[in-house]
Every structure is written in structure tokens, then in C-alpha cells.
Amino acid sequence: MKTIKAIIVDDEENARLILSNFIGEFCPSVEIIAEAEDVKSAVKLINKNQVDLVFLDIEMPNENGFALFDYFNKPTFETIFCTAYSEYAIKAFEVSATDYLLKPIGISKLKEAIEKVENKLLGKNNASDNIMVLKENLSERGIRKIGILIGDGIVFMDLNDILYFEADGSYTLIHHKNGSDLTVKKIKHFEDLLSSDKRFFRIHRSYLINVSQIKKYSKKEGLSVTYDDKVLLPISREKKEEFEEFMQLNNIL
């Protein structure tokens with residue numbers, strides 16, 4: 001693969017120096033061609049040079065990092081956000097399929113992020129879609145959309161439209177209001193990703209459900225939940241007590 005031309009955008013000189021040194025020593029596929037201390041300087045650099053990747057700090061004075069995307073209709077560069085955000089905000093990055101580095105930056109995480117960017121630059125996904133969903137998720141009190149790898153691209157789904165996730169070996173079938181889609185991710189991936197979302201609960205080794213979309217919860221003829229389309233899903237007996245506690249805590253039962 002060709003060398004990745006990158007710039008670093010951070011208002012702290014020391015932070016730019018540390019990241020630049022790390023990249024120079026541990027990431028041979030990346031060449032830092034310039035640095036900027038604010039968004040406007042970054043815009044000038046991007047317009048002047050061929051930039052494949054931007055390492056972007058979010059918390060900056062005057063304009064935060066997201067303002068960079070107000071200057072480009074469809075960014076042609078990939079972005080790795082550098083942030084000291086809270087745990088909730090990190091979850092927003094993950095469900096938006098957006099690459100990030102948590103400050104202080106670690107070498108292994110830096111390498112992982114670069115590897116993901118290399119794969120994206122070879123693919124067809126539109127980076128601007130990821131950024132738009134990330135901004136949307138960060139502006140909401142809870143996560144609104146999730147990025148899901150389907151086929152050769154990432155599809156963004158509103159969590160309220162998802163009925164349930166169904167394990168299918170090493171894959172997961174996502175059942176939503178408009179049909180079903182298969183993704184290469186295992187169901188455990190979605191369970192971890194949505195662990196703090198009160199709408200989702202793993203009722204069975206094969207099912208992770210959106211409890212807000214349940215039509216009926218039955219204790220007769222085996223524990224089960226039913227959806228509007230008459231689909232009946234079993235609840236494993238070992239999950240019964242935990243499920244009822246979960247529903248009560250969230251004022252559903």
C-alpha cells in the first residue's frame with residue numbers, strides 16, 4: 001500500500017510532538033506532512049496538500065474538532081479522533097464505526113487505528129457518513145444510531161428500528177422494521193457495544209432483543225417474548241430472573 005499522507009490537528013504543541021514521534025517510530029506506513037493548531041489552519045493544509053488521514057483533537061478552543069467537517073461537503077480523507085472524552089462518549093465513537101485514540105495515547109491502540117484506516121482506504125465506505133452519525137450520537141442523551149458492517153460497507157441503523165439480533169454461527173442476523181440483514185460480527189460484539197443501553201437485553205445465547213419493541217412477555221408454555229410480526233423468541237430459564245429485574249428497573253414490568 002502507498003504511504004498514508006497525514007496531518008495532526010491539536011492545539012497543544014506537546015501533544016502533537018508525542019503523537020508525531022510515536023507515528024515516526026512505530027507506524028512506517030504513515031508520513032506526517034504537516035501539523036495545525038486549529039481548525040482553520042487544518043482546512044488550509046488539506047486544501048493545499050493531498051491528505052489521506054487527519055489525526056484530529058476534539059477539545060480545542062474557538063472551534064472544536066467537529067467544525068473541520070463544516071468546511072468539506074464530502075471529506076476525501078479518513079479521520080482518527082484524539083480525545084479525552086468520557087466513557088459514554090467513547091461508546092458513541094464505537095457504535096458510529098469511527099476510529100479514535102483515547103488520551104494519553106497508547107502504542108498498541110495507535111497501531112490498531114492505523115490498520116483500520118489502511119483497510120478503509122482500500123474500501124468504499126464514505127467517511128462523512130460515520131462523522132455525521134458520530135456527531136448525532138454525541139448530541140443525543142443516548143445512542144441513536146449504530147454502524148453495522150454489511151457486505152462491503154457500513155450501514156447505519158436507528159436503534160429504535162432494530163427488533164432483535166439473532167446469532168447465526170460466527171455471523172449475526174439483524175431483524176429490523178424493514179426486514180433483516182446479515183453481518184459478519186458475532187452477537188457478543190453487539191451485546192458488548194450496547195451493554196449500557198437500557199433498550200437491549202440478551203435473553204438467550206441466540207437472541208439480543210430490543211425490549212422497547214416487545215408486544216408481549218409470556219410466562220406460559222415456556223418463557224418468551226413476542227413482536228408485532230408474531231415472532232416468538234424463547235427466554236432461557238437462567239435469564240428469567242435477571243430479565244424481569246432488568247424490566248422492572250427500567251419501568252417496563
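Only a predicted model underlies this, so the values are computations on that prediction, with no experimental measurement involved.
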One should read off an interatomic distance between Gln213 CD and Leu159 CG, to the nearest 0.5 angstrom, of 10.5 Å

To the nearest 0.5 Å, atom CD1 of Ile174 lies from atom CZ of Phe190 at 4.5 Å

Sequence neighbours excluded, the answer for ring pair (Phe, Tyr, Trp, His ring centres under 6.0 Å) partners of Phe201 is Phe243, Phe246

Glu63 meets the side-chain contact (heavy atoms from CB on, under 4.5 Å) criterion, sequence neighbours left out, with Val39, Lys40, Ala67, Tyr71

So the side chain to side chain donor-acceptor pair (under 3.5 Å) pairs with at least one residue in residues 16-27 (sequence neighbours excluded) are Arg16-Glu35

Applying side-chain hydrogen bond (donor to acceptor under 3.5 Å, both in side chains) to Glu191 and not counting sequence neighbours gives Arg202

Sorted by chain and number, sequence neighbours left out, side-chain hydrogen bond (donor to acceptor under 3.5 Å, both in side chains) with Lys103 holds for Asp10, Asp57

Residues at least two apart in sequence or cross-chain that pass ring pair (Phe, Tyr, Trp, His ring centres under 6.0 Å) with His175, listed by chain then number, are Tyr164

Sorted by chain and number, sequence neighbours left out, side-chain hydrogen bond (donor to acceptor under 3.5 Å, both in side chains) with Asn49 holds for none

Taken in chain and number order and not counting sequence neighbours, the residues that satisfy side-chain contact (heavy atoms from CB on, under 4.5 Å) with Thr76 are none

By side-chain contact (heavy atoms from CB on, under 4.5 Å), Asn62 pairs with (sequence neighbours left out) none

Residues at least two apart in sequence or cross-chain that pass side-chain contact (heavy atoms from CB on, under 4.5 Å) with Phe26, listed by chain then number, are Phe22, Ile107, Lys111

Across all chains, not counting sequence neighbours, the ring pair (Phe, Tyr, Trp, His ring centres under 6.0 Å) partners of Phe72 are Phe77

Residues pairing under salt bridge (charged side-chain N to carboxylate O under 4.0 Å, His left out) where one sits in residues 41-54, two or more places apart or in two chains, turn out to be Lys2-Asp52

d(Asp181 CG, His176 NE2) to nearest 0.5 Å is 4.0 Å

If we ignore angles and hydrogens, is there a donor and acceptor under 3.5 Å between the side chains of Thr83 and Glu59?
yes

